Amino acid sequence: MNKDDLHGYVPAIATPFSAKGEIMEDAFVELFEFLIGRGATSICIAGDNGESWALTAAERGRLVRLAKDTSRGRVGVMMGISAPTIEACLGYVRAAEENGADVLLSMPQTYVLKASEAELMARFDKISAATGLPLVLYNSPRRMGFSLTVDQTETLVNAHNVIGIKESQRDFFYHTHLLARLGGKMSVMTGPCHYILPAFALGAKGFIATGPEFTDLFPSQMQKVGTSAPDETYRKAHYQLTVIYETLMGTGTWPAAFKAALNLIGQPAGVPRDPVLPLSGQDLDKIRRTFDVLGISYR
């Protein structure tokens, strides 16, 4: 995969767990087909939506193999490899390679909440030395405890086989500067879904975001709408994305609300795995009320 292959709708798929914590493979395949039907160009395994923190290397590899067998070349398969230690990270790399992943997604070292310049660069030097697979950076200050700077991102793009970034900064000033400087060197993929349409107008190539699973506007149509003059279709989609993001991010522990919302629209997301508990009661009602306001059908 190269940077021109990374574009459009790249959803991070949920990992469907049973009440006993077992992966429901048939449900995973059904979700995978649902996302292809929504216009996915690639699909990410073991991202935040997939509860990466709860998946072993072997489970990640198994999900990649299921994805490849289901896809049969229709979409690319990305796998998350973020971890606190390089040993764990490289274990995920091996699982991805052995099962046919097309591209890797990685934050800097997680959990330690900071990284010096030398520590940051050393992490990606070691990843690049261990694999020939292309890499998509993941900048998530909320999960990392710090943010990559545009300068650091440029250094990594110039030094490694980096084809893109999932940019989850919630500061649109940052997105603006990143796109202006690096939008031609890599595929900038928007993270926060309320930035999807504005970012397309500034040169983003696509999005790895939660929310387009539920909108009236198909995700595959969002680039065209985002690069056209804003009209009622733009305004409605942007409003739906904004309210969905606010509701799901503000309800329960991630990704409990996302899974509950998928279940409500008839997609078999299962329940979260320990330590996250499923939504119930008032929290479920909150999602139903949001769907009612937005005109989104559910069961």
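Every value quoted in this text rests on a predicted model; they were computed, and no experiment measured them.
- Side-chain atoms of Y298 and N263 include no donor-acceptor pair closer than 3.5 Å.
- From I45, atom CD1 reaches atom CG of L66 across 8.5 Å, with rounding to the nearest 0.5 Å.
- Counted by atom type alone, N49 and T210 present one or more donor-acceptor pairs between their side chains at under 3.5 Å.
- Closest approach of G211 and C193 over heavy atoms only: CA-SG, 4.4 Å.
- For the residue pair N161/S128, the side-chain donor-acceptor check at 3.5 Å is not satisfied.
- With no hydrogens or angles considered, a side-chain donor-acceptor pair links T247 and T290 at under 3.5 Å.
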| For T153 and L137, what are the C-alpha separation, side-chain angles and deciding distance, and is it a side-chain contact (heavy atoms from CB on, under 4.5 Å)? | CA-CA 8 Å; T153 302; L137 304 176; 4.0 Å; yes
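- Note on V293: it does not cluster hydrophobically with L217, by side-chain heavy-atom contacts below 4.5 Å among ILVMFWY residues.
- Clustering ILVMFWY residues whenever any of their side-chain heavy atoms sit less than 4.5 angstrom apart, transitively, puts L197 in the very cluster that holds L202.
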| request: Let me see the working for T15 and E59 under side-chain contact (heavy atoms from CB on, under 4.5 Å), right down to the final yes or no. | output: CA-CA 10 Å; T15 306; E59 288 173 328; over 6 Å; no
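- Checked by atom type and distance alone, the side chain of R273 never pairs as donor or acceptor with a backbone atom of F17 at under 3.5 Å.
- Neither side chain, E167 nor T190, offers a donor N or O lying under 3.5 Å from an acceptor on the other.
- Using bins of under 30°, 30° to 60° and over 60° for the plane-to-plane angle, the ring pair F28/F32 lands in the tilted bin.
- For the atom pair CG of L35 and CD of E30, the computed distance is 11.0 Å after rounding to the nearest 0.5 Å.
- Within the 3.5 Å criterion, the main-chain N or O of G183 finds a donor-acceptor partner in the side chain of K205.
- Each of V29 and V271 belongs to its own hydrophobic cluster when Ile, Leu, Val, Met, Phe, Trp and Tyr are linked at side-chain heavy-atom distances under 4.5 angstrom.
- Rounded to the nearest 0.5 angstrom, I265 CD1 and S297 OG are separated by 10.0 Å.
- Atom OG of S168 sits about 10.0 Å away from atom CE of M144, to the nearest 0.5 Å.
- Within the structure, salt bridge (Lys or Arg N to Asp or Glu O under 4.0 Å) contacts touching residues 40-56 (residues at least two apart or in different chains) are D48-R143, E51-K259.
- The two residues T85 and R123 have their closest heavy-atom pair at C-NH2, 3.2 Å.
- Judged by distance alone, the side chain of E97 and the main-chain N or O of T131 form no donor-acceptor pair under 3.5 Å.
- You'll find the side chain of I43 reaches within 4.5 Å of the side chain of I36, heavy atoms only.
- Looking only at side-chain heavy atoms (C-beta outward), M79 and V93 stay at 4.5 Å or farther from each other.
- Within the model, atoms CG of D216 and OG1 of T233 stand 10.0 Å from one another, a figure rounded to the nearest 0.5 Å.
- The shortest distance between side-chain heavy atoms of P11 and C44 does not fall below 4.5 Å.
- Environment of CG in D231: crowded, with over 12 heavy atoms of neighbouring residues, nucleotides or ligands closer than 6.0 Å.
- With sequence neighbours excluded, no residue forms a salt bridge (charged side-chain N to carboxylate O under 4.0 Å, His left out) with K3.
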| request: Give the C-alpha distance, both sets of side-chain angles, the deciding distance and a yes or no for side-chain contact (heavy atoms from CB on, under 4.5 Å) between I244 and E213. | output: CA-CA 10 Å; I244 289 167; E213 293 85 354; over 6 Å; no
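- Of the charged side-chain nitrogens involved, none lies within less than 4.0 Å of a carboxylate oxygen, so that R65 and E98 do not count as a salt-bridged pair.
- With hydrophobic clusters built from ILVMFWY side chains whose heavy atoms lie under 4.5 angstrom apart, M24 does not share a cluster with L31.
- The salt bridge (Lys or Arg N to Asp or Glu O under 4.0 Å) pairs that include a residue from residues 276-287 are D285-R288, where partners are two or more places apart or lie in different chains.
- Here the shortest heavy-atom pairing between M121 and L156 reads SD-CD2, 3.6 Å.
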Check residues 101-111 and write down every donor-acceptor pair under 3.5 Å in which the side-chain atom is one partner and the other belongs to a residue at least two apart or another chain.
| unit_1 | atom_1 | unit_2 | atom_2 | d |
| --- | --- | --- | --- | --- |
| D102 | OD1 | K68 | NZ | 3.2 |
| D102 | OD2 | K68 | NZ | 3.3 |
| D102 | OD2 | V77 | N | 2.8 |
| Q109 | NE2 | E119 | O | 3.3 |

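- Listed by chain and number, the residues in a salt bridge (charged side-chain N to carboxylate O under 4.0 Å, His left out) with K114 amount to none (sequence neighbours excluded).
- Here R181 pairs with E154 in a salt bridge; the nearest charged N to carboxylate O distance falls below 4.0 Å.
- Put simply, the side chain of F124 reaches to within 4.5 Å of the side chain of L135, judged on heavy atoms.
- Inter-residue side-chain proximity for M1 and S42 is flagged as met; some heavy-atom pair is nearer than 4.5 Å.
- Of the N and O atoms on the side chains of Q152 and E117, at least one donor lies less than 3.5 Å from an acceptor on the other residue.
- The backbone N or O of G39 lies less than 3.5 Å from no partner atom in the side chain of S220, so there is not a single donor-acceptor pair.
- Classification of R235 and E232 as a salt-bridged pair holds, one side-chain N sitting under 4.0 Å from a carboxylate O.
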| request: Mind running ring-ring contact (aromatic ring centres under 6.0 Å, His included) on F214 and F291 for me, showing each step along the way? | output: CA-CA 9 Å; F214 309 101; F291 280 180; 5.7 Å; yes
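- Closest non-hydrogen pair, L248 versus A261, comes out as CD2-CB, 4.0 Å.
- In terms of heavy atoms, A46 sits closest to S52 at O-CB, 3.2 Å.
- To the nearest 0.5 Å, atoms CD1 (I81) and CZ (R60) are separated by 9.0 Å.
- Applying the ring pair (Phe, Tyr, Trp, His ring centres under 6.0 Å) test to residues at least two apart or on different chains, the pairs with a partner in residues 158-198 are F172-H175, F172-Y195, H175-Y195, H194-Y245.
- A donor-acceptor distance shorter than 3.5 angstrom exists from the side chain of N2 to the backbone of D5, with no hydrogens or angles considered.
- Salt-bridge annotation for R74 and E33: present, with a side-chain N of the basic residue lying under 4.0 Å from a carboxylate O of the acidic one.
- I23 is connected to V64 through a chain of hydrophobic side-chain contacts under 4.5 Å among Ile, Leu, Val, Met, Phe, Trp and Tyr, so both are in one cluster.
- With contacts defined as side-chain heavy-atom distances shorter than 4.5 Å, the pair I196/P212 qualifies.
- Looking at T215 and R38, their side chains come closer than 4.5 Å, going by heavy atoms from C-beta outward.
- In this structure the side chain of Y138 never reaches within 4.5 angstrom of the side chain of M189, judged on heavy atoms.
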| said: For M78 and L133: C-alpha separation, side-chain torsions, deciding distance, then whether side-chain contact (heavy atoms from CB on, under 4.5 Å) applies. | reply: CA-CA 10 Å; M78 179 184 296; L133 287 175; over 6 Å; no
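- Considering every non-hydrogen atom in both L279 and A257, the closest pair reads CD1-CA, 3.6 Å.
- Q169 and N139 share no side-chain donor-acceptor pair at under 3.5 Å.
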